[in-house]
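The structure under discussion appears below in the form of structure tokens.
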Amino acid sequence: MNKYRTHTCGELTVKDKDNNISLSGWINKKRDHGNLLFLDLRDNYGLTQCVIENNHQNFKEFEKLPLETVIKINGKVLERNKETVNKDLKTGEIEISIISYEVLGKTQELPLPVFSDQEYSEEIRLKYRFLDLRRKKIHQNIILRSKVISFIRSEMQKYGFLEFQTPILTSSSPEGARDFLVPSRLNPGKFYALPQAPQQFKQLIMVSGFDKYFQIAPCFRDEDARADRSPGEFYQLDLEMSFVEQEDIFAVVEKLMINMFKKFSNKKIIYEKFPRITYKDSMLKYGTDKPDLRNPLIINEFTEIFKRDDVGFDIFKKLVKNGSVARGIITKNTKDKPRSFFDGIDKWAKEEGASGLAYFTIEEEGSEIKGKGPVGKFFSSDSIKEMMKISNAEIGDSIFLACGDISEVQKITSQARDKIGHELNIINYDCFAFCWIVDYPMFEEDEKTKKIIFSHNPFSMPQGDIKKLDMSKPLEIKAYQYDIVCNGIELSSGAIRNHIPELMYKLFSVAGYDKKMVDEKFSGMINALSYGAPPHGGIAPGIDRIIMLIAGEKNIREVTMFPMNQNAQDLLMNAPSEVDQQQLKELNLSIKKNK
RNA sequence: GGGGGUGUAGCUCAGUUGGUUAGAGCACGUGCCUGUCACGCACGGGGCCGAGGGUUCGAGUCCCUUCACUCCCGCCA
């Protein structure tokens, strides 16, 4: 028999009535009636009410045990009478009459209460993460995470994927995020880098003939944090398949996502066949490549309107003349919304750093269509009709307008979609809206340097006839590159890879890398592709974000056991920390002190 | 690197227009209480009001600097 317990705190029922049992766990809560004391004992599995009376020889001493003390209780299972049953507890029909007990782990005064639904500062939560993790909600989130990961493993195996590990100490790559570097003792002056993703390795696995690979892969990127982005490290479901096209990848991932979200969440999945939206359309209609499709609002292109002679909105007309674009959002039937609603949106836009949002409401006076609102008077009846045609707007709807350079307008209209949708309460938050964003451009122009750079992954396969690709117009080349987005959160990106070395050199040369540089920086990859590489492709959904969505959490720390804070510090383990001079010496490093 | 928010008891927070001894709930301590499940009641201990400087007769409150946490922008192929 186990020394500490015969049962867990979540399993005893009336069936165990009159049995002598023992439980071990934490004192979750005490209710001390002076001559009678109730104690809720908690472990990973649940809560059991234990009771002790003042005729017990240790009653006085027992009363003094602080919350969160770990104790073992020997006792007898009693059926509760009808009036005292607690329906909220699995074990609510019984209680344990305490015969004897033993303190297994004492506690100091708690820096944060475990039994409470209060919110605590991140600093205290992270410093005492082991206490925080005892709390119900986050404890359940972490268990959910474990279950989701197990589910992924078994599904992937069912689909015929093999799980492999890839190196953690690897080489620095010139593209992408900042690397974490690890100095090499045996190779003074040289560094390993932690992988930003196992990108090259998974391609090498395909070249090695393994056909279908997956891994719950740790990824390391030295970039600043966000609510949905852990600093330092995160996990991806990294997968890669040989002899496949884009559609084959989509089929596997859609199946996995739908099975997973259905199994672990009750929220509705709006589109079981994920809609495909081209990057170009997404940027136009939603102003971003991670649209939240729960929101019905759509951005409309109105630039041409401001070239008309019967539109007198001079600020926008002038901007448009100089190459700016004008786009707008229609809100349905908002003619009776108070002025404060419209001005609130405008004010908000200004706070977001935009020059504000102009607006008017479409109204009918007699048979005349008119714009009502601060800028309504600048639009002729015909021009409003044209805008209504473009946007399917009707009488009683309102139009919010932004004008500026294209990236500025995309940004503010995208944010305005969220803001207005939220204010109008037209977003159904109780569902999942997945979509694929497809046809990403291979290259883009760096806004500052005006250089041509890879827009996503340099290893992606360009679309079209490979032999006829026009490298003189690189910005027109699309790639077999795709993202999954759910509820406005980018879950993953992937691509069909370029497995043809000559084509790789060509594409790299467009981005300013000559053959020598490519050979040097990507020697492993290029070399491998030169010895018979299969066509292949893959994707890498972010595990942490998937769990965030399923758990309904807004912050990634709520689904991460031991996260770092925003400054990439681990307050529990005190990392990063200074190291001994001796360690530095062995690594051939010296620290330059900042003044 | 830039912008916003927050910082008051162990924890979560209140603190008015600058005004005398800085409050509440939980936790902790003492006492009472035999059916609670957020048990109840009474009493008590506990404060560098994030730190530093300034304005003022007087600063938790106003100003400046700085630190911490957080959200956002940049960044994240």
Side-chain angles (χ1 to χ4, degrees), chain A residues 28-41 47-56 59-60 63-64 66-68 78 80-89 91-92 95 107-128 131-132 135 173-179 196-197 199-200 219-232 234 351-354 407-408 411-412 415 440-444 446-448 453-460 479 481 483 490 493-495 511 540 542 554-555 557 564-567 569 571:
Chain A
N28 192 59
K29 188 69 186 165
K30 284 188 300 185
R31 290 173 294 280
D32 187 354
H33 292 238
N35 294 316
L36 168 77
L37 183 149
F38 296 104
L39 172 148
D40 294 332
L41 196 67
L47 221 57
T48 301
Q49 174 166 286
C50 306
V51 62
I52 187 168
E53 295 187 18
N54 65 349
N55 53 15
H56 193 286
F59 184 82
K60 281 283 162 204
E63 264 187 314
K64 301 230 182 290
L67 301 184
E68 294 307 307
L78 302 180
R80 298 202 207 178
N81 65 39
K82 259 183 201 151
E83 298 80 61
T84 59
V85 164
N86 183 341
K87 282 174 189 150
D88 298 330
L89 282 184
T91 59
E95 64 191 7
T107 178
Q108 297 182 309
E109 190 175 347
L110 299 169
L112 72 92
V114 172
F115 174 72
S116 168
D117 291 328
Q118 270 178 19
E119 297 199 15
Y120 304 100
S121 74
E122 287 297 327
E123 194 172 1
I124 205 102
R125 291 183 62 189
L126 294 182
K127 190 169 174 191
Y128 297 97
L131 288 177
D132 191 33
R135 298 172 66 217
S173 68
E175 287 280 325
R178 293 182 192 93
D179 283 317
Q196 295 176 24
Q199 181 62 38
Q200 294 193 53
C219 303
F220 304 91
R221 296 178 192 173
D222 188 2
E223 295 294 348
D224 290 356
R226 286 288 183 279
D228 64 351
R229 203 166 84 202
S230 292
F234 61 98
E351 281 163 6
E352 290 297 311
S407 64
E408 209 178 291
K411 198 179 135 199
I412 192 63
Q415 289 175 295
Y440 276 83
M442 188 83 212
F443 299 101
E444 63 190 20
D446 187 301
E447 274 186 34
K448 280 176 220 145
I453 54 173
F454 286 107
S455 71
H456 269 66
N457 185 324
F459 304 120
S460 299
Q481 172 94 43
D483 277 12
E490 182 190 319
S493 61
K554 288 207 168 68
N555 194 296
R557 287 185 298 269
M564 296 198 283
N565 70 9
Q566 196 171 44
N567 296 320
Q569 297 159 342
L571 300 178

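Each chain gets a letter, A, B and so on, in the order its sequence line appears, and its residues count up from 1. Computed over heavy atoms, backbone and side chain alike; hydrogens, waters and symmetry mates excluded. Just so we're clear, the structure is a prediction, and the values are computed from it rather than from any experiment.
One C1' atom belongs to G29(B), the other to G45(B), and the distance between them is 7 Å to the nearest Å. Using atom C1' as the reference point in both G19(B) and U61(B), the two lie 11 Å apart (nearest Å). Across G52(B) and A59(B), the matching P atoms stand 14 Å from one another, rounded to whole Å. On the P atoms, A38(B) is 41 Å away from C73(B), given to the nearest whole Å. Across G60(B) and A22(B), the matching P atoms stand 10 Å from one another, rounded to whole Å. Using C1' as the reference atom, G18(B) and G54(B) are 15 Å apart when rounded to the nearest Å. When the C1' atom is compared between A9(B) and C72(B), the two are found 32 Å apart, to the nearest whole Å. Rounded to the nearest Å, the gap between the C1' atom of C76(B) and that of G47(B) is 43 Å.
Within 4.0 Å (heavy atoms only), Ser493(A) reaches no atom of the nucleic acid at all. Contact annotation for Pro113(A): backbone-only contact, meaning every heavy-atom pair under 4.0 Å involves sugar-phosphate atoms and none involves a base. Residue contacts for Asp222(A): at a heavy-atom cut-off of 4.0 Å it reaches no nucleic acid atom on any strand shown.
Glu123(A) meets the side chain to side chain contact (heavy atoms under 4.5 Å, CB included) test with Ser121(A), Leu571(A); sequence neighbours excluded.
Rounded to an integer number of Å, the gap from CD of Gln108(A) to C1' of A27(B) is 15 Å. Going from atom CG of Asp117(A) over to atom P of C13(B) covers 14 Å, rounded to whole Å. In this structure, CG of Asp224(A) is placed 12 Å from P of G2(B), rounded to the nearest angstrom. As a whole-Å value, the separation of Asn565(A) CG from C71(B) P is 10 Å. Distance Glu119(A) CD to C71(B) C1': 14 Å, rounded to the nearest Å. The distance between atom OH of Tyr120(A) and atom P of G10(B), rounded to the nearest whole Å, is 15 Å. Protein atom CG of Asn28(A) is 17 Å distant from nucleotide atom P of C26(B), rounded to whole Å. Atom pair Arg229(A):CZ and C71(B):P shows a separation of 12 Å (rounding to whole Å applied).
The closest donor-acceptor contact from the side chain of Lys30(A) to the backbone of Leu67(A) lies at 3.5 Å or more, if one exists at all. Between the side chain of Thr48(A) and the backbone N or O of Leu41(A) there is no donor-acceptor pair closer than 3.5 Å. Under a 3.5 Å cut-off, the side chain of Arg80(A) and the backbone N or O of Val85(A) do not form any donor-acceptor pair. At distances below 3.5 Å, at least one donor-acceptor pair connects side-chain atoms of Asn457(A) with backbone N or O atoms of Phe459(A). Checking side-chain atoms of Gln196(A) against main-chain N and O of Ala177(A) turns up a donor-acceptor pair under 3.5 Å. Of the possible donor and acceptor atoms, none in the side chain of Glu444(A) sits under 3.5 Å from a partner among the backbone N and O of Phe454(A).
With C73(B), C33(B), G10(B) as the choices, the nucleotide that has an atom nearest any side-chain atom of Lys411(A) turns out to be C73(B). For Leu67(A), the listed nucleotide lying nearest its side chain is A27(B); candidates were A27(B), C76(B), U12(B). Here the nucleotide nearest the side chain of Glu223(A), chosen from C69(B), C75(B), U12(B), is C75(B). Set against C73(B), G31(B), C11(B), the side chain of Ile124(A) has C11(B) as its closest nucleotide.
Across all strands shown, G47(B) forms no Watson-Crick or G-U wobble pair with both key distances under 3.5 Å. When Watson-Crick and G-U wobble pairs are counted only if both distances are under 3.5 Å, U17(B) pairs with no nucleotide at all. Of the nucleotides present, A68(B) is the one that pairs with U6(B) by Watson-Crick or G-U wobble criteria, both distances under 3.5 Å. Remark: A24(B) base-pairs with U12(B). Criterion, Watson-Crick or G-U wobble with two distances under 3.5 Å. The partner of U36(B) cannot be assigned: no Watson-Crick or G-U wobble pair with both contacts below 3.5 Å exists in any strand. In a base pair of the Watson-Crick type (N1 to N3 plus N6-O4 or O6-N4) or a G-U wobble (N1-O2 and O6-N3), with each distance short of 3.5 Å, C62(B) is matched with G54(B).
For the pair Arg226(A) and U70(B), the criterion of a side-chain N or O lying under 4.0 Å from OP1 or OP2 is not met. Phosphate contact (OP1/OP2 of C71(B), side-chain N/O of Asn555(A), threshold under 4.0 Å): present. For the pair Arg557(A) and C71(B), the criterion of a side-chain N or O lying under 4.0 Å from OP1 or OP2 is met. Dashed line: the shortest gap from a side-chain N or O of Asn567(A) to OP1 or OP2 of C69(B) is under 4.0 Å. Of the side-chain N and O atoms in Lys127(A), none sit less than 4.0 angstrom from OP1 or OP2 of C69(B). Phosphate contact (OP1/OP2 of C71(B), side-chain N/O of Gln566(A), threshold under 4.0 Å): present. Taking 4.0 angstrom as the limit, Gln569(A) places a side-chain polar atom (N or O) nearer than this to OP1 or OP2 of C69(B).
Residues Ala197(A) and Arg221(A) come closest through the heavy atom pair CB-NH2, 4.0 Å. Across all non-hydrogen atoms, the minimal contact from Tyr440(A) to Gln481(A) is CD1-O, 3.4 Å.
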Fill in the blank from the handout: In B/S/- notation (B base, S sugar-phosphate only, - none; protein heavy atoms under 4.0 Å), nucleotides 35-41 of chain B written 5' to 3' is BBBSB--

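Nearer to the 5' terminus of RNA chain B, by closest-nucleotide assignment, is the contact made by Leu110(A) (compared with the other of Lys64(A) and Leu110(A)). A residue-by-residue look at Asn55(A) and Glu444(A) shows that Asn55(A) has its nearest nucleotide of RNA chain B further toward the 5' end.
Within 3.5 Å, no donor on the side chain of Arg221(A) pairs with an acceptor on the base of C76(B), nor the reverse.
Asp132(A) has a carboxylate O that lies under 4.0 Å from a charged side-chain N of Arg125(A), or vice versa, which qualifies the two as a salt bridge.
Side-chain N/O atoms of Thr107(A) and Glu68(A) include no donor and acceptor closer than 3.5 Å.
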